[in-house]
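Within every chain, numbering begins at 1; the chains are lettered A, B, ... in the order of the sequence lines, protein sequences first and strands thereafter. Reckoned from all heavy atoms, side chains included, excluding hydrogens, waters and symmetry mates.
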Amino acid sequence: MPAPIRLRELIRTIRTARTQAEEREMIQKECAAIRSSFREEDNTYRCRNVAKLLYMHMLGYPAHFGQLECLKLIASQKFTDKRIGYLGAMLLLDERQDVHLLMTNCIKNDLNHSTQFVQGLALCTLGCMGSSEMCRDLAGEVEKLLKTSNSYLRKKAALCAVHVIRKVPELMEMFLPATKNLLNEKNHGVLHTSVVLLTEMCERSPDMLAHFRKNEKLVPQLVRILKNLIMSGYSPEHDVSGISDPFLQVRILRLLRILGRNDDDSSEAMNDILAQVATNTETSKNVGNAILYETVLTIMDIKSESGLRVLAINILGRFLLNNDKNIRYVALTSLLKTVQTDHNAVQRHRSTIVDCLKDLDVSIKRRAMELSFALVNGNNIRGMMKELLYFLDSCEPEFKADCASGIFLAAEKYAPSKRWHIDTIMRVLTTAGSYVRDDAVPNLIQLITNSVEMHAYTVQRLYKAILGDYSQQPLVQVAAWCIGEYGDLLVSGQCEEEEPIQVTEDEVLDILESVLISNMSTSVTRGYALTAIMKLSTRFTCTVNRIKKVVSIYGSSIDVELQQRAVEYNALFKKYDHMRSALLERMPVMEKVTTNGPTEIVQTNGETEPAPLETKPPPSGPQPTSQANDLLDLLGGNDITPVIPTAPTSKPASAGGELLDLLGDITLTGAPTAAPTPASVPQISQPSFLLDGLSSQPLFNDITTGIPSITAYSKNGLKIEFTFERSNTNPSVTVITIQASNSTELDMTDFVFQAAVPKTFQLQLLSPSSSIVPAFNTGTITQVIKVLNPQKQQLRMRIKLTYNHKGSAMQDLAEVNNFPPQSWQ
Amino acid sequence: MCSFLEWRDLKIVYKRYASLYFCCAIEDQDNELITLEIIHRYVELLDKYFGSVCELDIIFNFEKAYFILDEFLLGGEVQETSKKNVLKAIEQADLLQEPRHEYFNVPVY
């Protein structure tokens with residue numbers, strides 16, 4: 001058997017291949033040769049074969065059959081073999097391969113080898129790809145090497161320890177004694193790796209962090225080392241563009257950040273050195289800026305004094321003006337992190353940030369966009385919106401959806417006038433119409449409905465917008481809805497805000513029919529258009545016959561949605577003509593619900609089926625009133641007001657009904673009295689559908705996060721937990737979601753939860769998700785309570801629970817006093 | 001153009017040298033600018049070792065490129081900040097290889 005070809009020969013041969021197929025052929029031939037060589041258990045050339053295999057692996061070809069050979073190489077006595085063997089192990093073997101554990105013994109032996117380079121190889125391999133089992137077995141060896149005086153091994157052992165801790169955090173304790181004198185080293189390699197090790201330990205364990213702060217006095221040591229680095233003269237060994245060991249400086253700054261976070265003493269101890277680094281570092285080269293960047297991050301994260309913070313923000317401001325794109329990107333990222341805490345300081349740089357929107361680089365644009373949205377407020381909304389709309393026009397498609405959502409949110413919060421708001425939204429719909437999120441359509445419709453004085457202006461603008469182009473679905477949907485609602489204003493030419501246009505009824509119907517026929521219209525859009533046409537039958541005078549014809553044509557449409565609508569509208573013309581005008585009346589003003597951002601309120605779109613209208617009242621019917629009175633009696637009737645759970649006619653129910661109207665789509669299932677006009681309808685069932693959704697989703701888009709939940713009641717196996725949400729825009733409302741769970745072995749049935757609050761509060765209890773608490777914690781009952789607390793007094797609540805359990809009726813009263821301050825302050 | 005990209009939950013830092021792109025994936029809390037320096041330090045090490053390194057040097061001596069990398073970084077962290085020490089370690093390790101060659105340019109395998 002001839003000697004296998006040398007590695008470099010193989011590389012040269014492969015590189016002569018002119019096509020992919022040729023290369024594959026060469027590789028396959030060589031792999032076959034290597035395989036047979038492996039089978040022969042040839043020690044001399046194993047190293048060469050594995051090296052060739054690794055090259056082919058790098059090109060992307062399978063090399064798994066070499067895994068065992070790597071193990072054999074590792075076990076060999078020759079250094080060349082070991083070197084290639086360990087490299088092969090790192091490239092081909094990982095935790096998922098069964099054979100990797102076979103390495104453990106070899107590594108253990110090599111960790112105790114007489115040659116430091118062999119020990120080094122073992123440490124490197126363990127530190128790169130050691131699995132948790134391997135780490136557990138070998139941690140002791142690593143710890144031993146961490147205490148050696150050989151700095152070459154010590155630095156490797158430190159990083160190996162970092163890997164062990166990442167894999168098996170419980171072993172952290174074991175390395176603690178060895179860290180005692182690590183920072184006394186002169187060798188920079190050991191210093192650097194020691195700082196990494198200490199960083200890892202402090203990040204993972206608050207106990208360790210406290211220990212290092214107090215007992216080891218880590219901060220003064222680090223400050224001293226950093227000072228030496230800065231003050232010492234030129235050291236050729238560690239110099240990078242005039243700065244001494246920037247890698248070590250950056251790591252020390254990062255460790256200082258962790259030590260100073262939330263700790264006044266530590267933060268104070270490092271104030272001086274941070275100021276020194278911030279002012280003295282050269283900024284002409286990237287390396288100096290790297291150190292400044294780390295310094296700024298540290299200053300912003302610890303409890304630094306205000307002068308230092310101002311210095312940091314100014315550095316970021318200078319970064320923003322730097323020609324180097326990388327520096328600008330880094331500045332934008334940092335400002336995004338600090339905009340919450342130092343809002344005013346960041347505002348000063350707003351114009352530079354807005355300029356970055358025009359940058360060519362994608363990463364910078366994204367950061368600038370996010371930061372711009374964070375900086376929008378009531379004062380700068382007009383200017384900012386102009387820039388953002390311009391950005392929306394010209395940016396890449398991947399940004400458009402986020403930008404549109406951001407604009408809607410900002411407009412919602414800070415719109416200076418209704419007209420401006422509607423104009424802005426129109427602009428977004430016309431420029432980025434197809435990228436707008438689905439929930440924008442119902443929000444916009446609600447906004448338009450509520451701006452009563454703008455109806456004529458809005459419908460006119462929307463009409464003009466879709467005249468030319470009706471391909472952007474969200475725009476067409478909103479326009480169709482508006483034309484359906486306010487078509488009469490359109491033809492009568494009543495617009496005050498701008499020059500009224502002359503439109504005839506036929507022209508309006510023309511455009512709506514074009515939308516219906518167009519290939520570009522989705523099924524949803526067609527539904528909107530058909531309903532709009534139907535509504536116009538009560539608003540237009542001369543074209544009712546035309547409308548009747550259109551509606552009857554679609555009675556045989558293939559699209560089931562359209563067909564159903566058309567058939568029902570037809571019925572409206574024929575059998576129920578007398579109530580057509582009442583049914584198709586103008587929409588009332590809807591209850592204002594805060595908009596959706598990424599967190600969504602459940603609002604049914606035109607697409608989803610509305611819940612069938614039932615006439616049964618909510619489960620919490622008349623009885624709660626009497627029970628609430630009992631509650632009052634029991635409490636002695638002093639400063640507590642009883643609460644009555646949702647009565648059928650209260651707000652949420654009508655919101656449900658109006659949201660039903662929002663669909664513009666009335667599924668008549670029979671009784672004409674199921675008409676969804678707000679006053680009369682028994683929309684009571686609606687709340688149980690919509691509110692179930694509401695109670696399981698966050699209700700506000702700018703919720704105050706992080707309010708801890710409490711266990712309000714826990715007795716006899718029944719546990720009730722309260723979770724809280726509050727809105728930044730309406731801080732007197734607290735929404736409490738209760739969850740009742742049952743750890744006993746039998747279900748609790750007929751469960752009723754009632755609550756009472758002091759007089760200064762108002763309370764509203766919405767319908768529960770069910771009345772059975774299943775056993776063994778297999779499920780929960782959820783119920784939403786809304787508390788209005790305008791005087792911001794401390795929340796207190798008395799609750800009464802009634803249920804059936806193990807065949808007997810149970811009842812209990814309790815007081816809840818452990819509300820966290822964030823829920824009412 | 002900016003040298004940073006976002007990919008999944010990582011950041012990719014890249015630097016171009018002639019026809020080669022050196023890419024490095026870092027975590028969210030890592031410093032991008034110092035990563036550029038790390039990439040540059042590695043290229044300097046290759047340059048010193050091979051003497052004006054070019055693409056072919058790396059292709060035909062890929063295992064050595066790995067060995068140098070393993071003396072500079074370990075487990076994703078920098079283990080030695082002195083260029084001199086890294087190169088010294090590599091040279092000494094090279095001397096241990098069997099069969100011993102007088103000239104490093106003669107291939108071992």
Side-chain angles (χ1 to χ4, degrees), chain A residues 6-8 11-12 15 47-48 51-52 54-55 58 78-80 83-84 87 90 115 117 120-121 123-124 127-128 152 155-156 159-160 162-163 188-189 192-193 196 237-238 240 245-248 250-251 254 286-287 289-291 293-294 297 325-330 360-364 366, chain B residues 1-6 11-13 15 28-38 40-41 44 56 59-67 69-86 88-90 92-101 105-109:
Chain A
R6 305 186 106 112
L7 170 64
R8 305 224 157 43
I11 297 176
R12 208 169 293 130
R15 281 171 61 80
C47 174
R48 184 184 286 184
K52 287 188 287 187
L54 291 179
Y55 180 77
M58 261 182 16
K78 288 161 50 172
F79 181 69
T80 318
R83 233 184 174 187
I84 293 289
L87 179 62
M90 283 192 270
T115 313
F117 295 106
L121 285 175
L123 280 169
C124 183
C128 286
Y152 176 79
K155 68 187 188 202
K156 289 184 193 274
L159 289 181
C160 202
V162 170
H163 179 82
H188 280 222
H192 186 277
T193 57
V196 174
E237 203 177 331
H238 300 111
V240 180
D245 208 338
F247 305 109
L248 183 56
V250 163
R251 280 325 292 236
R254 189 158 148 187
N286 178 61
V287 62
N289 288 322
I291 295 178
Y293 175 38
E294 198 73 34
L297 288 178
K325 299 256 163 116
N326 296 334
I327 311 275
R328 260 191 275 161
Y329 175 84
V330 144
L360 294 166
D361 183 85
V362 169
S363 305
I364 290 187
R366 176 164 284 284
Chain B
M1 284 318 236
C2 186
S3 299
F4 314 129
L5 291 170
E6 274 152 60
K11 298 187 274 196
I12 311 281
V13 179
K15 202 155 189 249
D28 207 35
Q29 67 265 32
D30 293 324
N31 183 326
E32 296 95 325
L33 300 179
I34 206 72
T35 309
L36 284 170
E37 292 300 318
I38 290 176
H40 189 71
R41 172 57 64 91
E44 280 181 327
L56 284 176
I59 294 174
F60 281 93
N61 299 286
F62 73 95
E63 83 280 4
K64 296 211 175 68
Y66 269 117
F67 296 153
L69 188 62
D70 287 337
E71 284 298 326
F72 177 45
L73 302 175
L74 199 156
E77 305 281 356
V78 171
Q79 65 178 283
E80 180 57 68
T81 56
S82 154
K83 238 188 320 193
K84 193 179 83 180
N85 287 349
V86 176
K88 198 166 70 179
I90 289 285
Q92 288 177 345
D94 281 347
L95 286 172
L96 286 179
Q97 294 210 149
E98 316 88 338
R100 310 277 168 93
H101 286 281
N105 285 334
V106 179
V108 176
Y109 356 90

- line: Okay, Ile11(A) and chain B: the region with an atom under 4.5 Å from a heavy atom over there is both

Approximate separation, where rounding is to 0.5 Å, of Leu121(A) CG and Phe67(B) CZ: 8.0 Å

- prompt: Tell me, side chain or backbone of Phe117(A) under 4.5 Å from chain B's heavy atoms, or both, or neither?
  reply: side chain

query: In terms of heavy-atom proximity below 4.5 Å to chain B, should Arg328(A) be classed as side chain, backbone, both, or neither?
result: neither

query: Looking at side-chain heavy atoms only, is the closest gap between Tyr293(A) and Ile34(B) below 4.5 Å?
result: no

task: Report the residues that fulfil side-chain contact (heavy atoms from CB on, under 4.5 Å) with Asn61(B), sequence neighbours left out, ordered by chain and then residue number.
output: Arg8(A), Phe50(B), Lys64(B)

message: Between Val250(A) and Glu37(B), is there a side-chain heavy-atom distance shorter than 4.5 Å?
response: no

- prompt: Is any side-chain heavy atom of Asp361(A) less than 4.5 Å from a side-chain heavy atom of Phe4(B)?
  reply: no

- prompt: So, do Arg41(B) and Phe247(A) sit near enough that their side-chain heavy atoms are less than 4.5 Å apart?
  reply: yes

- prompt: Does any heavy atom of chain B fall under 4.5 Å from the side chain of Tyr55(A), the backbone, both, or neither of them?
  reply: both

- prompt: Is there a side-chain contact between Tyr152(A) and Gln92(B) (heavy atoms, below 4.5 Å)?
  reply: no

Reported CG-to-CG distance for the pair Leu297(A) and Asn31(B), which is rounded to 0.5 angstrom: 7.0 Å

- prompt: Considering only heavy atoms, which portion of Leu69(B) lies under 4.5 Å from any heavy atom of chain A: side chain, backbone, both, or neither?
  reply: neither

query: When heavy-atom pairs shorter than 4.5 Å are enumerated against chain A, which of Val86(B), Asp70(B), Thr35(B) gives the highest number?
result: Asp70(B)

Considering all heavy atoms, the nearest Arg12(A)-Phe60(B) contact: N-CE2, 3.8 Å

query: Heavy-atom distance under 4.5 Å to chain B: side chain of Asn326(A), backbone, both or neither?
result: both

- request: Identify which part of His192(A) has an atom lying under 4.5 Å from any heavy atom of chain B, answering side chain, backbone, both or neither.
  value: side chain

task: Output yes when Arg83(A) and Asp94(B) qualify as a salt bridge under the 4.0 Å nitrogen-oxygen rule, no when they do not.
output: yes

- request: For residues Gly75(B) and Cys128(A), report the shortest heavy-atom separation together with the two atoms involved.
  value: N-SG, 3.7 Å

task: Select, from Lys83(B), Glu77(B), Glu44(B), the one with the greatest count of heavy-atom pairs under 4.5 Å involving chain A.
output: Glu77(B)

- line: So CG of Leu96(B) and NZ of Lys78(A): to nearest 0.5 Å the spacing works out to 14.0 Å

- prompt: Going through the checks in order, is the side chain to side chain contact (heavy atoms under 4.5 Å, CB included) test met by Leu33(B) and Ile327(A)?
  reply: CA-CA 8 Å; Leu33(B) 300 179; Ile327(A) 311 275; 4.2 Å; yes

query: Is any side-chain heavy atom of Glu71(B) less than 4.5 Å from a side-chain heavy atom of Lys156(A)?
result: yes

- prompt: Minimum heavy-atom separation for Arg15(A) to Leu56(B), with atom names?
  reply: NH2-CD2, 3.4 Å

task: Would you mind checking which part of Val196(A) comes under 4.5 Å of any heavy atom in chain B, side chain (CB onward), backbone (N, CA, C, O), both or neither?
output: side chain

task: Working to the nearest 0.5 Å, report the span between OG1 of Thr81(B) and CZ of Arg251(A).
output: 12.5 Å

message: Tell me every residue that passes side-chain contact (heavy atoms from CB on, under 4.5 Å) with Lys15(B), counting only those two or more places apart in sequence or in another chain.
response: Tyr17(B), Leu36(B), Ile39(B), His40(B)

message: Measuring only between side-chain heavy atoms, which start at C-beta, is His188(A) closer than 4.5 Å to Asn85(B)?
response: no

